[in-house]
There are 2 protein chains.
Amino acid sequence: MTQQKTFREVIADGEGIFQPSVSLDCVIFGFHENELKVLLIKAKSTDHWALPGGFVFKDEDLDDAATRVLKERTGINDIFLQQFHVFGSAKRSDWNIHRSNFKKDGIEIGPDHWLLKRFITVGYYALVEFAHVITTPDSSSEECRWWDINEIEELFMDHKQILDKALDTLRLQLNHLPIGYNLLPQKFTMPELQKLYETILNKTLDRRNFQRRMTGFGILKRLKETRKGGAHRAPFLYSFDMRKYRKALKQGLHGGW
Amino acid sequence: MTQQKTFREVIADGEGIFQPSVSLDCVIFGFHENELKVLLIKAKSTDHWALPGGFVFKDEDLDDAATRVLKERTGINDIFLQQFHVFGSAKRSDWNIHRSNFKKDGIEIGPDHWLLKRFITVGYYALVEFAHVITTPDSSSEECRWWDINEIEELFMDHKQILDKALDTLRLQLNHLPIGYNLLPQKFTMPELQKLYETILNKTLDRRNFQRRMTGFGILKRLKETRKGGAHRAPFLYSFDMRKYRKALKQGLHGGW
DNA sequence: CTTCGAATGCGTCGTTATGACACAATGCTA
DNA sequence: TAGCATTGTGTCATAACGACGCATTCGAAG
């Protein structure tokens, strides 16, 4: 799927190699400069940006397909990736947009083409470390870049709804999972972690209570280093204690904000 | 789908009327005699019981299909019904069992039959009031009855995994949703409500703390009646305050056990 | 009719979690 | 070296929570 030719082959052959009716879309979250970002793609000739998605090979597990799509777009594997909802409205697709897009792209597809059939899509959301990602459009005809969560207004088909649902899920999970690990670099400061939570929850939190709570979970290791360079008191660096972190992942964190 | 003839037609015609690749299975919970129950079905000639499931009509929303299946089996609509997970393993089906089942049933299906293709199934779970349910097998060749959660050991294909996942989800949701409404009759006692929670969570709770918490949510109305007849002090009857109940559904309940 | 057992209604107490806030320490800059 | 912004740490009142005591009320046994 890395070259135009392969892309065309896939378009022609999809019915033979993919599981029919089923697609998946990934909401890939990153965190950069105190902003929550989402990775979006765009076909050259299309007006709207879209979530990176794909189809499932006939002998491929659904989760593996999601992992594959993620790897294709970010170069990363082995990260937090989780299905969160299935979107199965009968009218969620917009065939006309599809066709005209391909036409602009120089590909003609007939009215019975498999891409124009109805698809039920499984939404996955991923948490990735922004700096580790190499954004990779899946063919020369596409762009691929990070968007600030708040910039996004309209997306391809029902992708905005999918994104919103992913955000809701993320916020719910925040109270049960120690989410920082996949979104932050290995070493980070407490204020950085707090900014992450504040950004996701879209509200400000008390600095001291946040610290008390976070350290109370017992999943953080405070390093002896500090982050110098800021014009103020140097904050300690932290990293996750992976043993306790995994334990917490299973049991879930208590309480809520 | 109520007569054998229609059933055979569906088997023959499925590819034309159903969305390919996609199925759904319902985990229908009920509560009776202080036990958590699940509604299961069985083809006459099959060894294993299964979750009631179905397929999605080509122009039917996924959620509507789930509602339809539920209605077919329980006679109830307008109840708590929620998707909780998609099961998309490539090898989750067992073609041989399928074929031999139909053979025993007097229906021959070829090796390329649509029913033998790979399906990705969406798991739904429902909470229904036990007494309101009229168990309805979907064709004369099937049984349909309630099972105690703890009796169930092995099910058709991966249905046991689906059931377990539904139970996990139910337990998680218990802390966020006032779940009693759909599982209990309109009027119920506090001990009954407590038994429901204890059964789902599979642990005993303190009587007095439970009452304090439940009433603290402010979603219960205590009636002036009591339930006489038990050989002890008559407990008050309660019912849900629907206005506050719906409000709580949106906001979620705080804390956890 | 009285007594008894068992379950329910209601309240207390100590511990812990939570939200709000004060003050000292630190690192850069002027 | 003084000043300022930010971080580290602690306090205090309040609310939530778990464990438990005691009186009340129902049916049943005598």
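Convention: sequence-line order gives letters A, B, ...; per-chain numbering from 1.
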Can you check whether B:H176 and A:H176 have ring centres sitting under 6.0 Å from each other? yes
In whole angstroms, the gap separating P of D:dA23 from CZ of B:R207 amounts to 14 Å
Between the two ends of the helix from C:dC1-D:dG30 to C:dA30-D:dT1, what is the bend in degrees, rounded to 10 degrees, where each end axis spans five pairs? 10°
side-chain contact (heavy atoms from CB on, under 4.5 Å) partner of A:I79, chosen from A:V128, A:I28, A:V133: A:V128
Does A:R222 have a side-chain nitrogen or oxygen under 4.0 Å from the phosphate oxygens OP1 or OP2 of D:dT9? yes
Euclidean distance, atom CZ of residue A:F210 to atom C1' of D:dT6 [Å, nearest integer]: 16 Å
Output the single nucleotide from C:dC21, C:dT8, C:dG11 whose closest atom is nearest the side chain of B:R208. C:dG11
Pick the nucleotide of DNA chain D nearest each of B:A231 and A:F236; which residue has the one closer to the 5' end? A:F236
Taking CG from B:N175 and P from D:dA16, how many angstroms apart are they, rounded to a whole number? 16 Å
Please report, rounded to the nearest Å, how far the C1' atom of D:dA16 is from the CG atom of B:D206. 15 Å
Please determine whether any donor N or O and acceptor N or O are separated by less than 3.5 Å between the side chain of B:R233 and the base of D:dT25. no
Smallest separation among heavy atoms of A:Y124 and A:Q83, with atom names: CD2-N, 3.4 Å
May I ask you to verify if any side-chain N or O of B:R213 is less than 4.0 angstrom from the OP1 or OP2 atom of D:dC17? yes
Both conditions, 6.0 Å and 45 degrees, for the charged tip of A:R92 above the ring of A:F87: are they met here? no
Is A:R227 touching bases, backbone alone, or none of the nucleic acid, heavy atoms closer than 4.0 Å? nothing
Separation of D:dC17 C1' from B:R212 CZ (nearest whole Å): 6 Å
For atom CG of B:L205 and atom P of D:dC17, their distance in whole Å: 13 Å
Report the distance from atom NE2 of B:H232 to atom C1' of D:dA23, rounded to the nearest whole Å. 17 Å
Residue list, ring pair (Phe, Tyr, Trp, His ring centres under 6.0 Å) with B:Y181, at least two apart or on another chain: B:F240, B:Y245
Is the distance from OP1 or OP2 of D:dT7 to the nearest side-chain N or O of A:Q211 less than 4.0 Å? no
Ignoring hydrogens and geometry, is there a side-chain-to-backbone donor-acceptor pair from A:Q211 to A:R208 under 3.5 Å? no
May I ask you to check whether B:F130 and B:H32 place their ring centres under 6.0 Å from each other? yes
Rounding to an integer number of Å, can you tell me how far A:M214 CE sits from D:dT7 P? 16 Å
